[in-house]
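Heads up: the structure comes next, in structure tokens.
Any value given below was found using the heavy atoms of this structure, including those in side chains, with hydrogens, waters and symmetry copies removed.
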Amino acid sequence: MSDILIMGMGYVGLTTAITFAELGWTVTGFDPDMMKLNLLRSGDLPFYEHGMKQLLTKQIAEGSIRFTEQPLQAIQDHSVIFLCVGTPSNSDGSANLSYVQQAALWIGQAMDAYKLVVVKSTVPVGTNENIRKWIVMNQATPVNFDIIMNPEFLREGSALADAMNPDRIVIGSDEEAATATLLKLYAKLSCPVIVTTPQAAIMIKYASNAFLATKISFINELARLCEPLDVSIVDVAQGMGYDPRIGNSFLKAGIGYGGSCFPKDVDALLYAADRNGLTLSIMEQVAKINRSQVVHVLSQWEQRVSSFAAMTVAVLGITFKPNTDDLREAPALTLIPALSAKQAIIRVHDPLAKLPANLLTDQVSQYESLEGALTGADAVILCTEWSDYVKADWSKLKASLNGRLFFDGRNAMDRQLLIRLGFEYYGVSHNGEYPSVTR
């Protein structure tokens with residue numbers, strides 16, 4: 001009997017599986033997608049995450065991880081089951097729990113002995129009781145089980161490092177014995193462990209992501225004021241960040257946040273508030289600012305050039321952040337159609353990701369090489385701060401360009417260097433020198 005079953009081999013599930021295998025446990029990964037399982041069995045990945053492929057190949061060779069498409073047999077063979085299935089947003093902002101419900105159905109059908117069900121999927125408060133109901137409804141005969149909420153706090157691009165060196169582990173449980181079992185699984189990790197109620201554990205996850213999203217929207221809204229006042233938001237953010245009560249993380253102004261977590265979790269909180277007759281006015285503004293940030297920044301830049309019409313623009317980076325191939329809610333996917341509507345000719349490059357086919361038009365093309373995308377461009381727009389761009393040799397790359405306009409959507413570039421090289425640089429409310437620290 002293997003130690004742990006992970007249901008769902010998406011980003012969270014595979015990271016969780018590889019982490020537990022590295023901690024010395026034997027892991028089985030379940031997913032109904034045979035194409036995905038065939039990739040995993042061959043040591044390949046359905047997505048990009050730094051360092052994960054090497055660990056997966058090692059663990060397959062060692063026999064510490066295997067994969068199955070048979071849910072009922074896998075459930076019978078394991079006493080600890082992690083739910084890591086997707087919970088995408090519905091159109092009203094609520095979490096779609098159909099995959100969670102299906103997993104619970106299988107658990108109920110297959111359960112012939114005690115099971116500990118650990119929920120890592122991001123789910124609304126109260127979902128633990130729904131899962132319990134769904135399992136009981138599908139049991140042939142009553143069998144005891146426990147449900148623990150154990151939210152994940154992974155960052156795409158550094159998921160393995162986060163999983164192996166977590167800043168905290170949160171356990172939502174009402175049963176001491178079940179909690180002890182989960183603590184045993186995590187015993188080799190050294191970090192604070194918060195044991196609380198299932199409801200509070202879920203809210204910690206939502207609140208954490210919502211707060212980080214709030215910091216981003218706060219600095220982006222403040223940047224809108226700094227622009228007409230001729231104040232550099234970079235200076236302001238740095239000065240704020242030295243206050244330990246504030247910190248400097250997530251205070252870089254830009255074209256907005258994206259990804260699978262921040263937009264979804266903010267919307268889920270807004271939906272929960274509405275269902276409970278409440279208004280989360282701060283969260284509403286966080287979402288509103290982020291939705292409008294790309295259009296706002298693009299309009300500010302357009303004032304510098306009069307019009308983007310007939311201008312050839314190299315758009316660098318289409319993923320929502322560096323070191324991932326994830327395009328979900330990526331600001332670039334809003335910026336590219338907006339540029340197209342302004343009649344610009346767009347040449348796209350990204351080190352990993354491919355532009356969705358519906359965005360490839362007579363005006364929009366993607367290039368394999370950075371040099372190809374830059375060739376003949378009148379302007380450059382940095383959408384994702386890949387090191388490929390930040391650390392590139394722009395003294396050589398500028399020869400490919402037709403113009404010298406550089407729009408930095410992440411305030412990530414060395415402005416002074418680009419100006420010395422002859423570029424006309426515009427950031428997000430930052431066109432001055434970076435602040436200096438004398439001591």
Side-chain angles (χ1 to χ4, degrees), residues 1-88 96-112 115-123 131 134-135 138 150 152 154 156-157 159-160 162-164 185 260-261 324-328 352-354 356:
M1 196 180 244
S2 297
D3 296 314
I4 301 170
L5 171 64
I6 311 288
M7 299 189 75
M9 286 290 98
Y11 192 85
V12 172
L14 188 56
T15 303
T16 302
I18 288 175
T19 299
F20 278 125
E22 281 296 291
L23 293 176
W25 302 101
T26 304
V27 179
T28 299
F30 161 76
D31 201 284
D33 186 337
M34 283 301 299
M35 187 177 296
K36 182 186 295 182
L37 291 186
N38 288 336
L39 273 176
L40 295 174
R41 285 166 176 152
S42 67
D44 210 344
L45 300 177
F47 52 82
Y48 175 80
E49 178 64 30
H50 177 70
M52 187 174 286
K53 184 174 180 178
Q54 294 88 334
L55 281 182
L56 176 62
T57 301
K58 176 178 77 75
Q59 291 165 357
I60 290 173
E62 293 174 350
S64 56
I65 191 169
R66 68 181 186 90
F67 303 97
T68 181
E69 69 280 7
Q70 302 294 331
L72 302 185
Q73 187 62 55
I75 291 164
Q76 289 177 356
D77 289 345
H78 298 79
S79 58
V80 179
I81 303 168
F82 280 78
L83 297 191
C84 299
V85 298
T87 55
N96 185 327
L97 299 178
S98 58
Y99 299 119
V100 175
Q101 186 173 5
Q102 179 61 67
L105 181 151
W106 281 327
I107 292 170
Q109 288 178 341
M111 186 182 295
D112 57 0
K115 308 293 179 185
L116 173 58
V117 179
V118 185
V119 183
K120 271 203 173 294
S121 299
T122 301
V123 296
I131 294 173
W134 294 329
I135 291 175
N138 289 281
N150 179 216
E152 52 84 17
L154 305 176
E156 290 193 43
L160 285 175
D162 291 344
M164 294 300 298
L185 297 181
S260 63
C261 294
T324 178
D325 57 357
D326 196 342
L327 297 177
R328 286 174 289 183
L352 281 180
K354 299 297 182 185

Minimum heavy-atom separation for [X] and [Y], please, with both atom names.
X	Y	answer
Ala17	Ile65	CB-CD1, 3.8 Å
Gly8	Val85	CA-CG1, 4.2 Å
Val80	Leu185	CG1-CD1, 3.9 Å
Gly10	Asp31	N-OD2, 4.5 Å

Heavy-atom side-chain contact between Val27 and Gln59 under 4.5 Å: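 A side-chain contact under 4.5 Å is absent here.
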Check: Leu14 and Phe47 side chains under 4.5 Å, non-hydrogen atoms: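 The answer is yes, as the side chains (C-beta and beyond) meet within the 4.5 Å cut-off.
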Pairwise salt bridge (charged side-chain N to carboxylate O under 4.0 Å, His left out) hits with a residue in residues 56-65, at least two apart: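 Every pair satisfying salt bridge (charged side-chain N to carboxylate O under 4.0 Å, His left out) with a residue in residues 56-65: Glu22-Lys58, Lys58-Glu62.
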Sequence neighbours excluded, every pair satisfying salt bridge (charged side-chain N to carboxylate O under 4.0 Å, His left out) that has a member inside residues 96-111: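 Found none.
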Going by salt bridge (charged side-chain N to carboxylate O under 4.0 Å, His left out), name the residues that satisfy it together with [X], two or more places apart in sequence or in a different chain.
X	answer
Arg41	Glu69
Lys53	Asp44
Glu156	Arg328

Approximate separation, where rounding is to 0.5 Å, of Asn38 CG and Leu40 CG: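 The distance works out to 9.0 Å.
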Pairwise distance CE(Met52) to CD(Gln54) - rounded to 0.5 angstrom: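 Reported to 0.5 Å precision, the distance equals 10.5 Å.
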Leu56 vs Ile18, side chain to side chain contact (heavy atoms under 4.5 Å, CB included): CA-CA, chis, key distance, verdict: CA-CA 7 Å; Leu56 176 62; Ile18 288 175; 4.1 Å; yes
Partner residues of [X] under the side chain to side chain contact (heavy atoms under 4.5 Å, CB included) criterion, sequence neighbours left out:
X	result
Thr122	Thr87, Glu152, Lys205, Tyr206, Lys264, Asp265
Asp162	Leu154, Arg155, Ser158
Thr19	Thr15, Leu23, Leu160, Ala163, Met164
Cys84	Ile6, Val12, Thr16, Phe82, Lys120

Is a side-chain N or O of [X] found less than 3.5 angstrom from the main chain of [Y], in a donor-acceptor match?
X	Y	result
Lys36	Leu45	no
Thr28	Arg66	no
Thr68	Gln70	yes

For residues 98-109, dump all side-chain donor-acceptor pairs below 3.5 Å to protein atoms at least two apart in sequence or in another chain.
unit_1, atom_1, unit_2, atom_2, d
Ser98, OG, Asn96, OD1, 2.8

Candidate pair His78 and Ile4, rule side chain to side chain contact (heavy atoms under 4.5 Å, CB included), full reasoning: CA-CA 6 Å; His78 298 79; Ile4 301 170; 5.6 Å; no
Over 12 non-hydrogen atoms of neighbours within 6.0 angstrom of CE in Met34: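 Correct, the count exceeds 12.
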For Tyr11, side chain to side chain donor-acceptor pair (under 3.5 Å) partners two or more places apart: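 Tyr11: side chain to side chain donor-acceptor pair (under 3.5 Å) contacts with Glu49.
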Test side chain to side chain contact (heavy atoms under 4.5 Å, CB included) applied to Leu116 and Val118, step by step: CA-CA 6 Å; Leu116 173 58; Val118 185; 4.0 Å; yes
Ile131 and Val119: CA distance, side-chain angles, deciding distance, side chain to side chain contact (heavy atoms under 4.5 Å, CB included) verdict: CA-CA 9 Å; Ile131 294 173; Val119 183; 3.7 Å; yes
Sequence-distant partners of Phe67, ring-ring contact (aromatic ring centres under 6.0 Å, His included), two or more places apart: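 By the ring-ring contact (aromatic ring centres under 6.0 Å, His included) rule, Phe67 matches no residue at all.
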